[in-house]
Amino acid sequence: MSAAMKSEVEGLVAKITDKNDGPEALQSLASLTSKGAEAEPFLVGSLGSILEACGDKTKTVQDAALVTAQAIVDAMSPYAVQACVPAIQSGLGVKAKPPHKVGTLKVLESMAEKMPSSIGHVLVTLAMPVAELTCDIKKEVKEAAVKCMTAICNCTGNKDLEPFLPFVVKAAQSIDQTHACVERLAGCIFVQNVETPALAAMLPVLSRGLNDKVEEVKRTCCLIVDNMCKVVEDPAAVLPIMPRLEPLVKAAVEKMANPEARGMAERALKTLQKSAEGAETKEVDQTEALKLIKEALGDKASGDDAFEATAKYVASLAAMATNMRSFDTDAWKQKVGILPPFSEVTEDLRAKMEIAAKPAEEIEEEDTEGVDLYKGSFSLAYGTLTLLRDTKMHLKRNRFYGLLGPNQCGKTTLMRAIANEQLEGFPKRDELKSVFVEHEIEDEEVGVQDDGFPILSVDKPGWWWIMHTCNEIYKVETPVTEEQCKELMKKTGFGYPGGPDRAANLELPVTSYSGGWKMKMQLC
């Protein structure tokens, strides 16, 4: 059946340039979208030829081609966008005729409205070509480009940027508008995590601004780069825009004469480069996906040309879903494994693709001596800010370890997470005692005075705090006694009634201890 469908689609595509048979052939192609998954691989494969027909001299062919292209987009999987990118790029290129450009822009606009996440994923590739067409000398091309630019900019998924997107679109149209947009964007406060689509949507504005002759415009663009990159959680989000943006910021550093403006550029460059540090990402291509599909199919992995074409199309769907990090089981069943025999191995393929998408583990010398205390990976966040992502840690019993890192990198947060049993996979208190010793001790209400004021744990004597922490907080198997706590504190150097004079006495409240003595008490 697939062979017959492939032959039918190819036959109709061959006729679309004929001024007599073209409109009818295009209508027949549009009607084939009702066949669903059976026709989808071949119709999407013919999108480039259909969009090219939008540039035909005959108006009836142009109109029919646009209707057919829209019908294909309406029926196809959202993960087919990557397969359509070459056809779109061709339609936006300098060699394309104006009607071809208009048709492509309208189809891309439709895609952005129907599948924003997919368009957001390829925005790095498409934002600049569309932005350039907003300045086209042909009125119809410019109008279509402005509408398309508006639609694709709405695929960023960043709410902080949304109020400024109309100005981003205007900025693409003229230098004057760029200056005004840059000034407005400088006032944008970025709170939400900035991801690749948001950075991609900003590329046209930043590219123009950083190439501008006015230093103040360049400086403001550097400020925008600095602000955006400060709230990038995943370093991999910056990688796609680095080849375009980093050279522009470097050039600003080298060329700006004003010391203050140059300082701003240097700061922006440092923030940009730092936001990409430690990026671990792996893109899975169609070839790798096709190999996994055929492995999963086994004996069913061969067939005629139609089967091979369909297999490659399914592989492109799987590759895009994987690169978007979309691994929802139902979505794969409905939008990736679109027809047999591929639908029979969808879950197996999804699992293998998820593994294939993970970066190769760093090769480290394996420490085989001693008993493992913890070996795993974890992520750590502070509020809405991700401090550590998929971080690997391997600890052995009876070893000493040091935790090194710059300020605000998450050292204290990590130690608190371990002590509070918030680190996934780390041994719990019933297996391992984890105590985080700090200068400051958290207050805990342990009673109420006769006058109604609360009694805090730090208002109690040091020996009482140790006994309470062991018995009530850590719930040790054999409760500790007052005598044990006092004896241990004496050995640690605390003063006591009738004993030597010390800066801290075990009978005095914890609030009277200095930071160092509080740490000694916690070690008890």
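Between the side chain of N211 and the backbone N or O of S207 there is at least one donor-acceptor pair closer than 3.5 Å. With hydrogens and angles ignored, the 3.5 Å screen pairs a side-chain donor or acceptor of R208 with a backbone N or O of A171. When atom types are taken as modelled, the side chain of S46 and the backbone of L43 share a donor-acceptor pair closer than 3.5 angstrom. One N or O on the side chain of T150 and one on the backbone of V146 form a donor-acceptor pair closer than 3.5 Å. Using a distance-only test at 3.5 Å, with no hydrogens or angles considered, a donor-acceptor pair links the side chain of S31 to the main chain of S28. In this structure, R262 contributes its side chain and A257 its backbone to a donor-acceptor pair below 3.5 Å. For the pair T271 (side chain) and K230 (backbone), a donor-acceptor distance under 3.5 Å is absent. Judged by distance alone, the side chain of D18 and the main-chain N or O of D21 form a donor-acceptor pair under 3.5 Å.
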Extract all donor-acceptor atom pairs below 3.5 Å that involve side chains of residues 76-86 and protein atoms in other chains or at least two apart in sequence.
| from | atom 1 | to | atom 2 | distance (Å) |
| --- | --- | --- | --- | --- |
| S77 | OG | Y79 | N | 3.1 |
| S77 | OG | K335 | O | 2.8 |
| Y79 | OH | S326 | OG | 2.7 |

In residues 94-105, what donor-acceptor pairs under 3.5 Å come from side-chain atoms, sequence neighbours left out?
| from | atom 1 | to | atom 2 | distance (Å) |
| --- | --- | --- | --- | --- |
| T104 | OG1 | H100 | O | 2.8 |

Show me the side-chain donor-acceptor pairs of residues 134-142 shorter than 3.5 Å, one per line, residues at least two apart or across chains.
| from | atom 1 | to | atom 2 | distance (Å) |
| --- | --- | --- | --- | --- |
| T134 | OG1 | A131 | O | 2.4 |
| T134 | OG1 | A172 | O | 3.0 |
| D136 | OD1 | K138 | N | 2.9 |

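Side chains of E277 and P235 form no contact here, defined as non-hydrogen atoms less than 4.5 Å apart. Residues V67 and L26 have side chains not in contact (no heavy-atom distance under 4.5 Å, counting atoms from C-beta outward). Inter-residue side-chain proximity for N227 and L223 is flagged as met; some heavy-atom pair is nearer than 4.5 Å. Contact annotation: the side chain of K218 never approaches that of V214 to less than 4.5 Å [non-hydrogen atoms, C-beta and beyond]. For the pair M149/L133, no side-chain contact is recorded, criterion being any heavy-atom separation below 4.5 Å from C-beta on. Using a 4.5 Å heavy-atom threshold, the side chains of V107 and L66 count as touching. H121 has its side chain out of reach of P197: every pair of non-hydrogen atoms, C-beta onward, lies at least 4.5 Å apart. The side-chain heavy atoms of M256 and M264, taken from C-beta on, include no pair separated by under 4.5 Å.
A salt bridge links E354 with R350; the closest basic N to acidic carboxylate O contact falls under 4.0 Å.
Between S49 and I16, the shortest heavy-atom contact is O-CD1, 3.6 Å. Closest non-hydrogen pair, V284 versus T322, comes out as CG2-CG2, 3.8 Å. Here the closest heavy-atom approach between residue V168 and residue C153 is recorded as CG1-SG, 4.3 Å. For L126 against P129, the heavy-atom pair with the smallest separation is O-CD, 3.2 Å. Considering every non-hydrogen atom in both P240 and T196, the closest pair reads CG-CG2, 3.9 Å. Residue L292 comes nearest to A356 through the heavy atom pair CD1-CB, 4.3 Å, listed as atom of the first residue, atom of the second, then distance.
Pairs engaging residues 276-309 under the ring pair (Phe, Tyr, Trp, His ring centres under 6.0 Å) rule: F307-F342 [sequence neighbours left out]. Residues in residues 51-60 take part in these side chain to side chain donor-acceptor pair (under 3.5 Å) pairs, two or more places apart or across chains: D56-T58, K59-D63.
Atom CE of M202 and atom CG of L161 lie 5.5 Å apart (nearest 0.5 Å). Separating the NZ atom in K291 from the CD1 atom in I293 is a distance of 13.5 Å, to the nearest 0.5 Å. Atom-to-atom distance recorded for I224:CD1 and E183:CD is 8.5 Å, nearest 0.5 angstrom. Separating the CZ atom in R219 from the CG atom in D212 is a distance of 15.0 Å, to the nearest 0.5 Å. Separating the CG atom in D330 from the CH2 atom in W332 is a distance of 13.5 Å, to the nearest 0.5 Å. Considering CD of E283 and CG of N323, their distance stands at 4.0 Å, rounded to 0.5 Å.
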Please report the C-alpha distance between V124 and I241 in whole Å, then the side-chain angles of each, then the deciding distance to 0.1 Å, and finally whether the side chain to side chain contact (heavy atoms under 4.5 Å, CB included) criterion is met. CA-CA 7 Å; V124 171; I241 59 104; 4.0 Å; yes

Quick one: do L245 and L199 satisfy side chain to side chain contact (heavy atoms under 4.5 Å, CB included)? Show the steps, please. CA-CA 10 Å; L245 194 55; L199 293 166; 5.7 Å; no

With side chain to side chain contact (heavy atoms under 4.5 Å, CB included) as the criterion, how do Y313 and I338 come out once you've worked through the C-alpha distance, each side chain's angles and the decisive distance to 0.1 Å? CA-CA 10 Å; Y313 179 71; I338 56 176; 3.8 Å; yes

Would E308 and K312 satisfy salt bridge (charged side-chain N to carboxylate O under 4.0 Å, His left out), going step by step from the backbone distance to the final call? CA-CA 6 Å; E308 290 297 327; K312 288 180 180 178; 5.9 Å; no

Run K6 and D304 through side chain to side chain contact (heavy atoms under 4.5 Å, CB included) and show every step you take. CA-CA 11 Å; K6 180 175 182 290; D304 54 19; over 6 Å; no

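Defined by atom type and a distance below 3.5 Å, a donor-acceptor pair is present between the side-chain atoms of K114 and S110.
Under a cut-off of 6.0 angstrom, the local environment of NZ in K170 is sparse, with at most 12 non-hydrogen atoms contributed by other residues, nucleotides or ligands. Other residues, nucleotides and ligands place no more than 12 heavy atoms under 6.0 Å from the CD atom of E24. No more than 12 heavy atoms of other residues, nucleotides or ligands sit less than 6.0 Å from atom NZ of K255.
At least one cation-pi condition fails for R184 and F164: the charged atom is not both under 6.0 angstrom from the six-membered ring centre and inside a 45 degree cone around its axis.
Here E215 pairs with nothing under the salt bridge (charged side-chain N to carboxylate O under 4.0 Å, His left out) rule; sequence neighbours left out.
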